[in-house]
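Numbered from 1 within each chain, the chains take letters A, B, ... in sequence-line order.
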Amino acid sequence: MAPPPDHRRPIKRAAISDQQRRREVALRLQADRRSDAQNRARQLASSVLSLGPEPATEPEVEPEQEMSEASGQLAGRSDFDPVRAARLRGPEVRKWFARQLMLPEWMVDVPPSLDRDWYVFPRPSGKRCFVVSSNGTTISRLRNGSILHRFPSNLPNGARAKDVSGPASSYSILDCIFHEPDETYYVIDMVCWRGYSLYDCTAEFRFFWLNSKLSETGASDPPSQYHRYRFNVVQIYECNLAGLQASYSGQVPYVKDGLLFFNKHAHYQAGNTPLALVWKDNVCSQYVLDTDSKGQIPSQQQVVLELQNDGNLTTSDDPPVALGSLSRDLIAQSGLRVGNLVRVAIKDERMRLVDGKLDLGELQLVGKTNHSRAFADTYSKVLFQHAARHAPLRIEDLVASIQSNSSMDNSQALDVEMEG
Amino acid sequence: MALEVTQILLNAQSIDAATRNHAEESLKQIQEQNLPAFLLSLSAELANNNKPIESRKLAGLILKNALDAKELHRKNDLAQRWLSLDLATKTQIKTSLLQTFSSPVSDARSTAAQVIAKVAGIELPHNQWPELIGSLLSNIHQVETHVKQATLETLGYVCEEVDPQVVDQEQVNRILTAVVQGMNATETSSDVRLAATRALYNALGFAQANFTNDMERDYIMRVVCEATQSSDVKIRQAAFECLVAISSTYYEKLAPYMQDIFNITSKAVREDEEPVALQAIEFWSSICDEEIDILDDYRSEYTGDSDVPCFYFIKQALPALVPMLLETLLKQEEDQDQDEGAWNIAMAGGTCLGLVARTVGDEIVPLVMPFIEENISKPDWRGREAATYAFGSILDGPSPGKLAPIVNVALNFMLAALSRDPNNHVKDTTAWTLGRIFEFLHGAAVETSVITQENCQQILTVLLQSMKDVPNVAEKACGALYFLAQGYEDEGSVSPLTPFFQDIFQMLLFVTHREDATESNLRTSAYEALNEVVRCSNDETAPIVMQLIPVIMLELHQTVEAQKLTSDERDKQNDLQGLLCGCLQVIIQKMGSIEGSKYAFMQYADQIMDLLLKVFASRNATVHEEAMLAIGALAYTAGPNFAKYMPQFYQYLEMGLQNFEEYQICAITVGVVGDLCRALEDKILPYCDGIMTQLLKNLSSNQLHRSVKPPIFSCFGDIALAIGENFEKYLVYAMPMLQSAAELSAHAVSQDDEMLEYTNQLRNGILEAYSGILQGFKSSPKTQALVPYAAHVLQFIDTMYGGREMDDAVMKSALGVLGDLADTLGSHVGPLISQSSSSKDLIEECMVYDDPLIRESAEWAKLAINRAVSG
């Protein structure tokens, strides 16, 4: 029997051998990983500035100055290497992600130029998380780094599908709040998209990108087999009177928990930042005053602080701010160790400044916090909670600030000119 | 002055090895001492009618090999050598060759014809020997029959050898006239007619102009069609071969002749001898190829502009064509399933039927179903096999929606036939058809799979049982399992295969150990199915895959330890080693990608590495390639931990990079260097001097297959990205290479698609190298070292942009390089970038591209450049 002509494959013979397939798969993986490595280098190179340790927060410093100072200072510090971070696995991933979220400070006084430099939106109530889609799956991680959901989604490379356009391992990272009642992820920021970093982009650009890109993917479609949860963007407003009004009292499809303010020019900055602020009162949030471990509002303000080896109790700011201390005897008695997070009650709620720092005076140990808690309270939170109990910052104060800003526009412009 | 070579040439064909070796040595010596004299002697020997035919033939063969070789670089060297011979020698050789035509010995004439074609292939493109065709044709009408035959044969070979562009239309007209006249029914000598018909086959590529002329085309077509009716079977076969060639070269000119061709082919398929009938079927397969391509072009959204319109010949012929093909299916041969190289009318018919189904889709189904229903239960196995074969053949093409209801009914029948039909052919085809059902009607891409949780178990039971059947049936059952598993590759945790993993592995391992596993490709199929099942494992089934590792390692160990094998056993051992390494590669990749299993897997890494290093002791190409691929996978999975294996592995890495002969190994090894870079990062530094030296050598060699060069450039990028500023010392070597390659590829004029594709691969490799180097130097104090090269990089991109032949991958890489240039060099290149046309226009253009990846690359580059220009 003669063999078939060279170019004619008998239909019963396999089109390609598994060996050929292995070869092709290996080559494709190599190409993907190369483009991955290059994208990662691009993305990490550009995010070195924002990925470093949390910057020092000094509330009295002007936002703009704060940003440039933080950038300058971070370049030299290296206790966290972002290039390695991208290769971490397992528990290390948890730690890494735990440090990647941008954490708003609490608004204790109104920043200048609120109407010109800031956005505002009503914050959805729920679990703050990082959502990462890559390699055909989507994973959401809580603030403490633990996994909330692992699921398929319409985000880029968020589900195993035959028609992926581009390397399956390039990833996208969204900053979200998971809202339980309608099982929806509300996207409040976009950090990476298809392997490209948005860390060093301004909030203005990120929100623009978020709105245009997310809608292209079908991520906002209702849930289906390969798209377990819906992703919705929240409506973001210019922080003028109308925007503030809409955010404060407008109808939204989710349960509100206060208002978030983002500085338009700020980059995505891991850790606490004064360039994102949260504010709430009883109208726009059910949870203005902190609850204790039983979910009750305690009669005295309680604060969660971290125990240092000198017995001091500090906030989670960088550098940490000491707000009090525990005696050695008490530490020994209660079996506490360095690094434990402890809940303390403020006995005497009169504020005192000692050497320019807030001193809470005698603290009463309430107990250790539960394990899922990853961080102590921040300085700004302690202040906000204190203010909320005694002299809260009211919506009227925000409105007044915006109104006075617009009337002062002229004089400010003049100032700038004169300085230049 | 001619040498006496007759005796040496005869000795070189002696049965006595010593005599033979001695003669070959002598020939080599003469050639080295005096090439012109040697070639002259050979041509004289060939032309001399008084010499024995054996020495004449060998003289011609050596002459031919002195003019041409397979490897491109050697071919070029030989051509150059011929051109540099003195004119008198060349003229005398050519005269001798032409004289040989008048020889009464047909072998001598035929050999001379081939040598002349080789000389023509070298000289015509250089405008030398312009009188050749004229002198061949000058007295074609007066010469004796055997000279005429030799002349036509030579014309055919010449057409095969030279590019149509180097022969002017005037000469083409004369060639075609002579050839077509030779084919004419009025030609009385069938030798001449056959030579002419075969010559036309090669000359068709020259006939572009003639085929646009209605009268000339009609004439050629009439002569070809008449030749299909010749009484000589060889002429009929050659004429149908011409029709096949015409169908692909001049598809768009065929409409007026299709009715006649249908009649001719269908008569040949039904009545003629097999070689002729096969060509007649091939005509229709070839028309299908054309229409599938055209319709694909219609469907692809980006181009949508096929040059050739579809004439829908297949659709029009369908009602008559399908019954004709179905008839052929009943002409099976008894032993066709055992013979892997078998090709007969039933197989050609089924293959064509499959192509027809892909061409017309749903329309074929109602035309085939009655045949299936009529024959599927016939007592004669031929009926049952043909019906099943017809069904299997049409599963690719029609929509799943059209086929699913039929398959749902047929599935149980098929499973019963596979377990119980008394005939092996029927079982073979049934298992194959099941595989086709799984391939095309099951899996994530198919909306409603015909496979359900319920019937999956039944299917598996039958398939596993059939793996104990005769080798060819078992082989098809393995193939079917492969496609069944493939459909679940994307399924994740809910795969219905999960409960059966253990049973499947057990049965497949049993198959690989069957005494007769080397028959019908059975062992290979079993390992391929095993690999596919591993690929669709998940968190839940990973532990079962893990148990497979020691088993495969033990088998590999045994092949490594095997001693004193015969060469036949050695071959089988090599095959097995290749399969086992391939299997390990798949397992490594899969276990490395499942988070929970990676740690457990790594405990085997030392032993696996140890075994793979032993496998390198084997000299078999396939095994090396497979072992290298497995090592690449292991390196990726192990990450920086792979560093401990490097001291032992390095020598094999170097060997792989030096393997020019088996260039696929070289290519795979270059890829593995990339894997190692990403795994080891700066720990690869100690090995970089050696690797870079070898890669640079490879690039400057003209012996290395060109396909390896683009990956080598990409590999520069991998190395630079891994070792960062340490790449500085290689810049002085790598950059000039990149620059000259960039220059060449930027200005390359691509004559054909293949060349264009290669040029773009090269460009992409170069761009990836630039990206890696730029990114590697980012934030280093040595960044300055790159500034002098920036202008050239930009110029490269500008030139490509101006040339308008970049494909999407190149465009994306170019945008990446623009961004990296700005990102790494910042204000140093700001002004340069502002001047570059591509940085503005290319980016703007790509911002509105359909492909989101390109769009985003453009947006990214713009961002980086804005920063560089403003900062």
Q) Do A/Lys12 and B/Thr429 get their side chains close enough for a donor-acceptor pair, meaning under 3.5 Å? A)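 Distance-only check passes for A/Lys12 and B/Thr429.
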Q: Evaluate the criterion side-chain contact (heavy atoms from CB on, under 4.5 Å) for residue pair B/Thr351 and A/Arg9; output intermediate values, then yes/no.
A: CA-CA 8 Å; B/Thr351 301; A/Arg9 176 175 61 86; over 6 Å; no
Can you tell which part of [X] gets under 4.5 Å to a heavy atom of chain A, answering side chain, backbone, both or neither?
X	result
B/Tyr482	side chain
B/Leu579	neither
B/Asp396	neither
B/Ser593	neither
B/Gln589	side chain
B/Thr524	neither
B/Gln664	neither
B/Leu353	neither

Q: Report yes if the side chains of A/Pro4 and B/Met347 come closer than 4.5 Å at any heavy-atom pair, otherwise no.
A: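 In short, these two side chains do not touch, never coming nearer than 4.5 Å.
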(Q) Are the side chains of A/Val25 and B/Gln585 in contact, using a 4.5 Å heavy-atom criterion? (A)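 SC-SC contact between B/Gln585 and A/Val25 ruled out.
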Q. In terms of side-chain geometry, is the basic nitrogen of B/Asp539 or A/Arg150 positioned less than 4.0 Å from the acidic oxygen of its partner?
A.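 Not counted as a salt bridge, because no side-chain N and carboxylate O are separated by less than 4.0 Å.
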Q: Can you check whether anything in residues 204-225 of chain A gets within less than 4.5 Å of chain B, heavy-atom wise, and list it by number?
A: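 Residues in range: A/Phe205, A/Trp209, A/Lys213, A/Glu216.
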Q) Can you name the closest pair of heavy atoms from A/Ile11 and B/Tyr389 and give their distance? A)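 Result for this residue pair: CG2-OH, 3.5 Å.
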Q: Kindly check if the number of other-residue, nucleotide or ligand heavy atoms within 6.0 Å of CZ (A/Arg8) is above 12?
A: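 Yes, because the 6.0 Å sphere around CZ of A/Arg8 holds more than 12 heavy atoms from other groups.
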Q. Which distance, rounded to the nearest 0.5 Å, do you find between the CH2 of B/Trp343 and the CZ of A/Arg13?
A.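 Reported to 0.5 Å precision, the distance equals 8.5 Å.
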(Q) I'd like to know which of B/Pro275, B/Ala722, B/Gly671 tops the heavy-atom pair count under 4.5 Å against chain A. (A)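 Among the listed options, the one with the most contacts to chain A is B/Gly671.
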**Q.** Heavy-atom pairs under 4.5 Å with chain A, option from B/Glu439, B/Glu625, B/Arg436 with the top count
**A.**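 The answer is B/Glu625.
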**Q.** Residues which pass ring pair (Phe, Tyr, Trp, His ring centres under 6.0 Å) with B/Tyr770, listed by chain and number, not counting sequence neighbours
**A.**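 For B/Tyr770 there are no ring pair (Phe, Tyr, Trp, His ring centres under 6.0 Å) partners, ignoring immediate neighbours.
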